[in-house]
Amino acid sequence: MTTPQSQLQPQLNVQGRERPGRILIVDDDLAAVEPLALRLRWQGYEVLATASGEEGIALARGSHPDVILLDLCLPDFNGLEVARILTADNQTSDIPIVFLSGLGDDETLVRECRAAGGTYYLRKPYDCNVLLLVLSQAVAEHRLWHDMSAPEEDFT
């Protein structure tokens, strides 16, 4: 699946400011993904979604989202495996990963998510306002990382 070049350029909202960001959702629970994607679009985010870990990895490489929302239980991969693959890949290692899971939030699981490259962990069902706050923070961190790692201009 290829993304049109126009979707890869920063898009401006009506006031001329950059949109909140591009979010990739990797979750096989369509009943949860569809309303979440709709809510995120209402907030101005560009949303890509897939139910497959393999396709999630391909979309992350191809569209380089600002944040990845990743479920732990996927039909083809464990979410931890997907996170490890993305974190080890130079193309995707800078993308913040927000784990969303209904498995609970015991210390061991949260540590495993962090060790796999996760930046945040939210337990399902989550408060949508908390998720929006986490996404805003993750997008800001991602953009700051890119701003800091961009080559400095030579003004001489």
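This one's a predicted model, so the numbers in the text were calculated from it and none came from an experiment.
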Inset, instruction - Apply side-chain contact (heavy atoms from CB on, under 4.5 Å) to L74 and E81, showing your working. - result: CA-CA 10 Å; L74 299 168; E81 294 171 16; over 6 Å; no

Just so I know, are the side chains of [X] and [Y] near enough to count as touching, which here means a heavy-atom distance under 4.5 Å?
X: D94; Y: H64; answer: yes
X: I95; Y: L86; answer: no
X: I57; Y: D89; answer: no
X: L36; Y: D27; answer: no
X: T119; Y: V67; answer: no

Legend entry - Whether over 12 other heavy atoms sit under 6.0 Å from E54 CD: no

For [X] against [Y], the heavy-atom pair lying closest together:
X: V47; Y: R41; value: O-NH2, 3.2 Å
X: D28; Y: C73; value: OD1-O, 3.2 Å
X: Q137; Y: Y120; value: CG-OH, 3.0 Å
X: A60; Y: L24; value: N-CD2, 3.8 Å
X: P96; Y: A138; value: CG-O, 3.5 Å
X: G118; Y: F99; value: CA-CE1, 3.6 Å

Quick one: does [X]'s side chain have a donor or acceptor within less than 3.5 Å of a partner on [Y]'s backbone?
X: D71; Y: D29; answer: no
X: R22; Y: S63; answer: yes
X: T87; Y: A116; answer: yes

Legend entry - Audit row: I68, T92, side-chain contact (heavy atoms from CB on, under 4.5 Å) steps and yes/no: CA-CA 10 Å; I68 299 171; T92 55; 5.8 Å; no

Can you tell me how far apart [atom1] ([X]) and [atom2] ([Y]) are? Round to the nearest 0.5 Å.
X: I25; Y: L70; atom1: CD1; atom2: CG; result: 11.5 Å
X: L122; Y: C128; atom1: CG; atom2: SG; result: 10.5 Å
X: S136; Y: L131; atom1: OG; atom2: CG; result: 11.0 Å
X: D127; Y: L132; atom1: CG; atom2: CG; result: 9.0 Å
X: R123; Y: S101; atom1: CZ; atom2: OG; result: 9.0 Å

Inset, instruction - Give me the one residue out of L72, T108, V98, I97 that meets side chain to side chain contact (heavy atoms under 4.5 Å, CB included) with C113. - result: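 Looking at L72, T108, V98, I97, the match for C113 under the side chain to side chain contact (heavy atoms under 4.5 Å, CB included) is L72.
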
Inset, instruction - Check whether V130 and I23 end up in the same hydrophobic cluster, where Ile, Leu, Val, Met, Phe, Trp and Tyr are linked by side-chain heavy atoms less than 4.5 Å apart. - result: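 Same cluster.
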
Inset, instruction - Please test Y45 against D66 for side-chain contact (heavy atoms from CB on, under 4.5 Å), starting from the C-alpha separation and ending with a verdict. - result: CA-CA 10 Å; Y45 289 101; D66 292 295; over 6 Å; no

Inset, instruction - Mind running side-chain contact (heavy atoms from CB on, under 4.5 Å) on R143 and V139 for me, showing each step along the way? - result: CA-CA 6 Å; R143 290 183 178 166; V139 168; 3.7 Å; yes

